[in-house]
Amino acid sequence: MSVGRILRTASVVALAAFLAVVLQVTIARDVAVLGGAPDLVCILVCSVALLRGPEVGAAAGFACGLLLDAVAGLPLGYAALVYCCVGYGAGRLASSIADRAALRPLIVIALGTVAARAGLVLTGFLLPESGVGLDLLVSPALVTSAALGVLLGIPLYPAVRRALGESLRPLPRRTGGDDAAAALA
Amino acid sequence: MAAIDSATRRRIVFGVFLIASLGLLTGYFRESQGGPLHVLQDGVSAVATPFEESANRVARPFRDAADWAGDAAGAEDDLDRAQEENDRLQRRIFKLEGDLRKAGELTLLESFAASDAFRNTLAGYRGIPGTVVQRPLTPYASTVMVDIGRQDGVAVDDPVVAGVGWLVGIVARVGPRSARVALINDAGQAVGAAIPARNAAGILRPSSGAARTFALGSVDKFRLVLVGDRVVTSGNNSEYGASHYPRGIPIGYVTSVGQSEVDFYKQIQVAPQADLESFEYVIVLHRKAGQ
């Protein structure tokens with residue numbers, strides 16, 4: 001990846017992450033359905049992972065999660081750990097789904113949202129004095145969060161794609177462990 | 001040295017971030033409240049607070065509209081009949097209702113601050129009004145952030161009330177212009193509580209089984225406690241140390257009472273009076289110097 005491309009990705013992710021985190025902690029719960037709110041941070045991380053591959057996805061997930069931890073008063077590293085895994089997983093998953101599948105981003109965002117919420121519950125359950133119960137794993141909020149993520153992903157994924165300077169043409173099919181950057185080169 | 005293939009490099013990068021996350025988590029839990037990670041977190045939080053206030057300001061009309069729509073849904077039949085002729089009036093009502101709801105909440109708080117209860121029970125305290133600017137939706141913690149901080153006189157462990165003086169939480173962290181309030185339904189919270197009518201006291205904790213319910217423990221099973229009894233802060237010290245809550249702040253009502261032969265204590269469930277998920281204005285009770 002060229003230096004210009006790295007700088008562009010970093011600046012776009014930094015700006016979008018700040019926006020997503022601020023909106024996540026202030027107004028996301030206003031659109032909650034059955035306890036499930038849209039996970040804007042997850043949408044951003046999955047979008048970046050889809051467009052730039054698992055390594056950049058993991059980095060974006062770590063950075064966005066860390067910012068969310070700091071702003072929301074969570075233990076530093078808690079959301080960073082979860083979103084880092086989600087970013088990496090989304091990048092890996094994206095490379096295993098047919099590139100020309102029109103629903104690929106939405107499938108990845110939906111699965112990423114479910115994985116992020118489950119990860120936050122599981123990690124929270126393991127942390128001391130968290131009070132997080134595993135019953136949250138079978139909450140309907142898991143489904144509604146994913147559905148809202150898909151709905152918001154429809155406009156947000158193309159926006160992230162445009163901001164990162166990717167063409168709207170579907171990416172060439174990637175194989176094996178090659179990341180998106182390698183495939184585009 | 002052989003070049004690292006992309007799969008190995010990818011795993012290394014992922015591993016580095018995983019280790020960094022786990023290292024941060026470990027460091028965060030091992031250090032004290034004044035440690036570098038906590039200080040860094042407070043700094044970032046302080047930078048984000050003005051943006052959160054702006055986002056809330058922008059979102060407020062939409063929230064008001066949603067509240068109005070929610071209220072209107074209950075009276076759907078009536079609204080259907082009057083919909084067309086009332087269109088213009090409803091737009092006005094929508095705006096006024098939003099203003100009124102907020103004014104109502106503020107009035108409740110102001111009346112509490114001016115009440116005899118405040119003057120008598122909380123004579124040694126100063127009320128600092130604030131607005132909720134952040135309400136994170138995470139399974140980990142139950143906290144809100146308010147727009148008042150150290151510069152306004154807020155300090156850690158100050159009790160926080162809403163409505164007509166209902167207890168909602170305690171200041172857990174404080175920044176220059178903002179403070180994080182741990183709500184009483186946060187898993188780590190324990191409040192010394194009493195049932196004045198029965199001369200009974202115990203420790204109130206969030207119930208692990210049901211949301212919006214608290215368990216009042218350590219109440220002797222030979223005490224008479226009835227459903228509907230009022231629960232307030234006891235102000236008693238406990239095994240956890242000195243109580244930060246002054247005596248007599250309303251918490252809620254007893255909703256169920258049980259006991260068994262083998263237990264020393266009653267099993268009492270309490271419903272809070274404050275709606276912990278929707279209040280927008282609070283008063284932080286800060287102990288006056290020398291009190």
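Letters go in sequence order (proteins before strands), and every chain restarts at 1. Side chains included, hydrogens not; waters and symmetry mates left out as well; all remaining heavy atoms used.
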| request: For B/Gln41 and A/Asp69, indicate whether the former's side chain and the latter's backbone hold a donor-acceptor pair under 3.5 Å. | output: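 A pair under 3.5 Å: yes.
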| Short side-chain to backbone donor-acceptor contact, B/Gln134 and A/Val71, under 3.5 Å |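 Answer holds: yes.
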For [X] against [Y], the heavy-atom pair lying closest together:
X: B/Thr143; Y: A/Ala72; value: OG1-O, 4.4 Å
X: B/Val133; Y: A/Thr26; value: O-CG2, 3.6 Å
X: A/Ala70; Y: B/Ser45; value: O-CB, 3.9 Å

| request: Measure the spacing between CG of A/Leu76 and CG of B/Leu40 and express it to the nearest 0.5 Å. | output: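 Here the rounded value is 6.5 Å.
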| said: Let me confirm one number: the CZ-SG distance from B/Phe14 to A/Cys85, rounded to the nearest 0.5 Å. | reply: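 Here the rounded value is 4.0 Å.
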| Under a 4.5 Å heavy-atom cut-off, does chain A meet the side chain of B/Val132, its backbone, both or neither? |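 When you check distances to chain A, no heavy atom of B/Val132 falls under 4.5 Å.
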| query | Which bit of B/Ala20 comes within less than 4.5 Å of chain A, counting heavy atoms only: side chain, backbone, both or neither? | reply |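 Both parts, backbone and side chain.
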| query | Are A/Glu55 and B/Phe17 side-chain neighbours, meaning at least one heavy-atom pair lies under 4.5 Å? | reply |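 A/Glu55 does not reach B/Phe17 side chain to side chain.
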| message | Between A/Ala59 and chain B, with a heavy-atom cut-off of 4.5 Å, which part of the residue counts as in contact: side chain, backbone, both or neither? | response |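 Contact with chain B involves both backbone and side-chain atoms of A/Ala59.
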| Heavy-atom pairs under 4.5 Å with chain B, option from A/Ile27, A/Leu81, A/Leu19 with the top count |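 Ranked by heavy-atom pairs under 4.5 Å with chain B, first place is A/Leu81.
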| message | Determine whether A/Phe18 and B/Phe51 satisfy the following criterion, ring pair (Phe, Tyr, Trp, His ring centres under 6.0 Å), listing intermediate values before the conclusion. | response | CA-CA 10 Å; A/Phe18 187 76; B/Phe51 295 96; 4.9 Å; yes
| query | Out of B/Leu25, B/Thr26, B/Leu37, which one pairs with A/Pro75 under the side-chain contact (heavy atoms from CB on, under 4.5 Å) rule? | reply |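 Only one option passes, and that is B/Leu25.
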| said: Ring centroids only, cut at 6.0 angstrom: are B/Tyr28 and A/Tyr78 within range, meaning strictly under it? | reply: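 Between A/Tyr78 and B/Tyr28, which both carry aromatic rings, the centre distance is not below 6.0 Å.
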